[in-house]
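Note: hydrogens, waters and symmetry copies are ignored here, and every other heavy atom, side chains too, is used. Just follow the structure's listing: the first ligand is 1, and inside any ligand the first atom is 1.
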Amino acid sequence: MPLNAFWWSLFVVFFRGSSSTRRPHIIFILADDLGWSDVGFHGSNDVRTPNIDALAYSGLILNSHYSENLCSPSRAALLTGKYPIRNGMQHNVIVDSAPWGLPLDEKLLPEHLNKLGYVSHAVGKWHLGFFKKAYTPIYRGFASHYGFWNSHQDYFSHQVQASFLPFEGLDMRDNMTVDRSTKGRYTTRILTERAEKLIAAHNASSPMFLYFAHLATHAGNFDDPLQAPQEAIDMFSSVRPLKKRIYTAMVWELDQSIGRLVAALKRQNMLQDSIIAFVSDNGAPTTGLYRNGGNNWPFKGEKNTPWEGALRTVAILWSSSLAFPRRVVNHLMHLTDWMPTLYTAAGGNVRDLGRIDGVNHWDFFTRIGRKQPRHEILHNIDDIYQYSAMRIGPYKYVNGTTFLGCLDGWYGTEDSNTRKYNITDVLQSSVLASLARLSESEVLRIRETSKVRCPSLIKDNAQLCQPTKQPCLFNIHKDPCETNNIYGKSKKLIEVFEKRLAEFRADQVPPGNKKTEKAADPKYFNGTWTYWRDLEDSV
Ligand SMILES: *[C@@H]1O[C@H](CO)[C@@H](O)[C@H](O)[C@H]1NC(C)=O
Ligand SMILES: *[C@@H]1O[C@H](CO)[C@@H](O)[C@H](O)[C@H]1NC(C)=O
Ligand SMILES: *[C@@H]1O[C@H](CO)[C@@H](O)[C@H](O)[C@H]1NC(C)=O
Ligand SMILES: *[C@@H]1O[C@H](CO)[C@@H](O)[C@H](O)[C@H]1NC(C)=O
Ligand SMILES: *[C@@H]1O[C@H](CO)[C@@H](O)[C@H](O)[C@H]1NC(C)=O
């Protein structure tokens with residue numbers, strides 16, 4: 001080995017060795033209902049996301065990252081490292097007035113990290129249960145929580161209208177205290193301010209875990225679903241119709257938040273020692289319940305379906321420890337993988353995490369020549385909706401669907417090309433003011449590789465996919481848009497899937513969903529949503 005290389009490798013060993021004793025800060029940002037093409041780096045010019053794009057180009061674009069297809073199951077998978085079938089989270093969400101939550105025998109990511117010396121904070125949406133105090137973030141490993149316990153809220157009044165009952169109440173908490181002080185202010189901004197404060201107040205001698213679960217870009221209440229500050233809406237006056245203009249402003253506000261967070265970390269001298277993840281909890285509900293008009297182009301389906309439009313999500317990882325940043329990676333990753341990956345990055349041993357479904361990707365991300373660790377994903381088994389979906393290698397199997405197939409179309413829109421991608425916007429973003437510079441050609445190169453392209457329908461090869469009549473099979477590598485059903489081409493493959501699914505099915509627990517209760521009505525609690533089953537402690 002040439003002498004230079006020798007000294008270099010010694011330096012690397014030394015540097016890695018010494019830095020590994022310093023545990024990184026972990027900033028996990030979860031976007032809500034943000035669609036695949038609601039970010040500029042996937043190829044859309046219709047949105048303006050310079051900060052998110054800058055973070056993506058500077059780190060890794062995880063282009064085969066899969067979430068669950070709905071809010072509660074995704075959050076459960078992220079914080080437990082387990083598939084939702086393991087703890088009864090596999091069907092639908094925790095509806096406002098239903099007395100259940102993520103089971104208390106689950107040990108969550110912040111609890112594991114706290115053992116390594118982390119201070120964990122939660123900002124934003126919870127949606128893992130609040131009918132009893134013990135299910136809320138403060139009791140589940142977070143030193144503080146600022147935000148709301150329900151699935152969504154009005155972006156200004158912070159009131160929550162129940163999904164299926166005529167109930168309404170305030171849902172904004174500072175730890176366990178109801179917070180009325182921010183009424184009238186925009187949720188995305190309030191949450192961002194809290195995250196900035198936490199970063200500014202953090203004593204960097206201990207590592208921080210910040211779980212920042214945005215409301216954006218989920219819809220608000222039924223009476224006023226799309227909301228953004230007027231000055232942000234006015235920035236997009238050329239975007240039509242109005243709904244799309246407001247949604248574009250909601251996305252812009254989310255993007256501003258990412259810029260401010262990175263700047264706050266830089267100011268506090270924490271950025272170089274931070275891991276930042278930005279992930280969407282599921283695809284956009286373009287047309288369905290709580291529709292936001294978000295764009296999953298070019299994928300099939302939308303939130304709450306078994307298709308790529310629901311499951312394959314925007315995902316970015318940035319860290320100064322990445323072996324090869326500034327690129328798109330296409331290996332399979334699932335939400336459950338963050339727990340072992342971040343725990344390893346924090347210096348923990350995955351064996352401490354017990355039996356989980358997640359696999360550790362940290363070595364793959366930070367060491368050259370490591371093999372990708374994941375080859376299959378159980379997307380879900382839901383015996384109430386009656387569907388199952390699974391991925392093995394490039395193949396995906398789907399049996400049954402949701403809503404009798406009413407959301408099984410393609411709802412995204414290809415970029416209208418009425419605007420050009422503004423590279424200056426990215427190069428001048430606050431994220432790039434804090435991270436290493438990028439060149440225009442680098443931006444274009446990475447953006448080009450992050451676009452997903454789909455073949456057109458191969459007519460003589462494709463069978464109609466009618467998943468309620470017969471399972472469908474796709475080769476996602478060749479056909480990410482799920483247009484060419486190849487069921488019937490390979491009996492063997494179908495057998496492999498059905499055998500594997502039977503194994504998972506044998507190991508699932510029944511869904512934990514409960515019926516809604518009138519006792520949850522905020523009218524009994526001075527107009528606030530609260531832990532109604534712990535009555536004696538309520539307001
Ligand atoms: C929330 O808890 C944190 C950590 O214990 C504490 O610093 C903060 O003051 C609390 N906030 C409120 C409003 O109680
Ligand atoms: C930060 O924590 C360390 C270790 O506990 C302590 O020595 C130091 O005084 C703290 N710094 C501040 C500014 O509180
Ligand atoms: C497909 O799903 C249905 C409903 O869940 C189930 O009854 C059927 O056995 C499944 N088919 C196969 C081949 O597994
Ligand atoms: C592009 O972005 C820059 C920086 O934000 C801005 O000054 C400029 O007006 C934008 N150009 C267009 C055509 O929108
Ligand atoms: C009840 O709600 C009102 C606002 O609607 C508030 O002013 C008052 O302080 C609340 N009372 C208690 C006991 O929290």
Asn399 N/O under 3.5 Å from ligand 3 N/O |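 So ligand 3 has an N or O lying under 3.5 Å from an N or O of Asn399.
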Exam field: side chain [X] to backbone [Y], donor-acceptor pair closer than 3.5 Å:
X: His112; Y: Leu116; answer: no
X: Arg500; Y: Val496; answer: no
X: Asn114; Y: Pro110; answer: yes

Ring pair (Phe, Tyr, Trp, His ring centres under 6.0 Å) with Tyr395: which residues, sequence neighbours excluded?
->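 Tyr395 satisfies ring pair (Phe, Tyr, Trp, His ring centres under 6.0 Å) with no other residue.
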Using ring pair (Phe, Tyr, Trp, His ring centres under 6.0 Å) as the criterion, list what pairs up with Phe28, not counting sequence neighbours.
->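 With sequence neighbours excluded, Phe28 shows a ring pair (Phe, Tyr, Trp, His ring centres under 6.0 Å) to Trp338, given in chain and number order.
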Using a threshold of 4.0 angstrom between heavy atoms of the protein and any atom of ligand 2, which residues qualify?
->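 Within the 4.0 Å shell of ligand 2, which is judged on heavy atoms, sit Asn203, Ser205.
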Using a strict 4.0 Å cut-off to heavy atoms of Glu498, name the atoms of ligand 3 that fall inside it.
->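 Counting atoms of ligand 3 from 1, those under 4.0 Å from Glu498 are 12 (C), 13 (C).
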Would you mind listing every disulfide bond (SG atoms under 2.5 Å apart) that reaches into residues 466-534, with sequence neighbours excluded?
->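 Non-adjacent pairs meeting disulfide bond (SG atoms under 2.5 Å apart): Cys454-Cys481, Cys465-Cys472.
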Any luck finding a side-chain donor-acceptor pair between Asn69 and Asn380 under 3.5 Å?
->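 The criterion, which ignores hydrogens and geometry beyond distance, is not satisfied for Asn380 and Asn69.
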Give the numbers and elements of all ligand 5 atoms closer than 4.0 Å to a heavy atom of Asn526.
->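 Counting atoms of ligand 5 from 1, those under 4.0 Å from Asn526 are 1 (C), 2 (O), 3 (C), 8 (C), 10 (C), 11 (N), 12 (C), 14 (O).
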